[in-house]
J.: 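The structure is given below, and queries will be raised subsequently.
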Amino acid sequence: MRNSLYKKNIISINDLKRDELELVLKKSAILKKKSAPDLLKNKIIASCFFEASTRTRLSFETAIYRLGASIIGFSDGNNISLSKKGETLADTISVISSYVDAIIIRHPQEGSARLAAEFSNNVPIFNAGDGSNQHPTQTLLDLFTIQETQNRLNNLNIAMVGDLKYGRTVHSLTQALAKYKKNKFFFISPDVLTMPNYINNMLLERGISYRRCQHIEEVISEIDILYMTRVQKERLESTEYANAKSKFILSTKSLKNARSNLKILHPLPRIDEIDHDVDYTPYAWYFKQAANGIYARQAILSLVLIENHF
Amino acid sequence: MQINKLQVEAIKCGSVIDHIPSQIGFKLLSLFRFTETEKRITIGLNLPSKKLGKKDIIKIENTFLSGDQINQLAIYSPCATVNYIDEYNLVGKIFPTLPRKIDRILICPNGNCISHNNCINSSFIFIKKPNNNMNLKCKYCEKEFSKNIVLS
């Protein structure tokens, strides 16, 4: 199988073709069954977290160690001399690229990973989240989890709940699932946090069905995947939040009419949008989803850094 | 008696951007950074025009605009024509066509886009929407905006 991801920058899920997504999913499944500690032996990878993100960073770092590579980097952009001295991101990346085989970047500003790729002198860039824009490895692990639990990525009914306006995970996942056939979307959010028009328009242009709904219970009997996200308190007026909170909290009661194959996903951290009782139901899959992040990240790192290893 | 008098002095050699909608001339000067050159520039504002009623005109001596520059004019000034002049003669007439992408000229409306603060050039691609509408998508933050939002 030709590895078209070799030496490619992983900036946006939109840059990946469907067969490339499938390559990652296939590799993730292989690595989940059998670890490959020598795959990236002698490679050095920079983990540049200009803003804190514990889960993503630890997941990437675990993936790197499991592949036998070494890491350099930082986990808090405020405490590095580069930012304190006022160096531009472009210069920072240019310097780091001369030390390593790949750079993982997390940055609060949208487009930072794309900019980094322009200054990395062909050293591959992995976007670990750029502001509210993209987080492609999160989407890859989401896809891997959906495929693992449903045995397919097409002909699915997917409900997305919570902050659909600012939540980049739901934007990217919708864009990725739109590459597959016959998927149907249900968007459930407060009025002020609805899915942006560019996503809705993309679905319309591709003839993909989506519906806005008010309550999870309206669609629970129709869906295969329930993708929960946090309604961010700071984005709403206190009365709006109180109202949203009651509508968008998932309890075991809400799951009464769920299909047996339903899986609940969440990019985490979960605050109070999923009752802890739900954790003990067979539908709860968010912690297994987080664990899958290791395999998806191992897969994408190895595919980008090694041309032939199938 | 007919008075054939040029509203703006003729140039010996260079580019004349004609048929710019009135009120847009100054905007083009700053956006396209025409004023950053040492070349002599003359500008006419609110001149009579059969085609537009009123028009602006920009003449830049000893400068020939690139194909990309000319096409980028089409965003603000779709009816503009660019005339190349040599020895006071018209040696070329070009009608801008909307380019596939536009670099450097526009500012991303997304305040958190990296293109604002890293000394890099903005870059947008045009996305054709239904009803002949055009959106502009920022290369960096990947956000898509209606043309009017980016141009305002």
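So you know, we letter chains A, B, ... as the sequences are listed, proteins then strands, and number each from 1.
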J.: Is P108(A) in contact with chain B via its backbone, its side chain, both, or neither, using a 4.5 Å heavy-atom distance?
T.: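 For P108(A), the backbone is the part near chain B, not the side chain.
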J.: Would you sort out whether E142(B) and S12(A) count as a side-chain contact (heavy atoms from CB on, under 4.5 Å), showing the intermediate values?
T.: CA-CA 9 Å; E142(B) 302 184 38; S12(A) 166; 2.9 Å; yes
J.: Identify the two heavy atoms, one from K129(B) and one from E205(A), that lie closest to each other, and give their separation to 0.1 Å.
T.: NZ-OE2, 2.8 Å
J.: Looking at R212(A), I want to see if its CZ is surrounded by more than 12 non-hydrogen atoms of other residues, nucleotides or ligands under 6.0 Å.
T.: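 Correct, the count exceeds 12.
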J.: Between C113(B) and Q109(A), which heavy-atom pair has the shortest distance, and what is it?
T.: O-NE2, 4.0 Å
J.: Is it the backbone or the side chain of K139(B) that comes under 4.5 Å from a heavy atom of chain A, or both, or neither?
T.: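 K139(B) touches chain A through backbone and side-chain heavy atoms alike.
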J.: Nearest 0.5 Å please: distance from the OG1 atom of T88(A) over to the CG atom of N117(B).
T.: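 Between T88(A) OG1 and N117(B) CG, I get 10.0 Å after rounding to 0.5 Å.
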J.: Crowded around L151(B) CG? As in, over 12 foreign heavy atoms under 6.0 Å?
T.: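 Count over threshold, so yes.
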J.: Quick one about N197(A) and E144(B) (side-chain donor to acceptor, distance below 3.5 Å, no hydrogens or angles considered), yes or no?
T.: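 Checked: E144(B)/N197(A) side chains show no N/O donor-acceptor pair below 3.5 Å.
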J.: Quick one: CD1 on I127(B) to OH on Y198(A), what's the gap to the nearest 0.5 Å?
T.: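 Rounded to the nearest 0.5 Å, the CD1-OH separation comes to 12.0 Å.
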J.: For Y6(A), does the OH atom have more than 12 heavy-atom neighbours from other residues, nucleotides or ligands under 6.0 Å away?
T.: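 Counting other residues, nucleotides and ligands, OH of Y6(A) exceeds 12 neighbours.
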J.: Roughly how far, to the nearest 0.5 Å, is the CD atom of E110(A) from the CG atom of N110(B)?
T.: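 With rounding to 0.5 Å, CG (N110(B)) is 4.5 Å from CD (E110(A)).
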J.: Does CG belonging to N122(A) count more than 12 external heavy atoms closer than 6.0 Å?
T.: no
J.: State whether the number of non-hydrogen atoms from other residues, nucleotides or ligands found under 6.0 Å of K51(B) atom NZ is greater than 12.
T.: yes
J.: Do E118(A) and Y140(B) have side-chain atoms, one donor and one acceptor, less than 3.5 Å apart?
T.: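 Yes, Y140(B) and E118(A) have a side-chain donor paired with an acceptor closer than 3.5 Å.
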J.: In sequence, state the C-alpha distance, the side-chain angles, and the governing distance for I114(B) and R114(A), and then conclude on side-chain contact (heavy atoms from CB on, under 4.5 Å).
T.: CA-CA 9 Å; I114(B) 196 82; R114(A) 183 85 59 198; over 6 Å; no
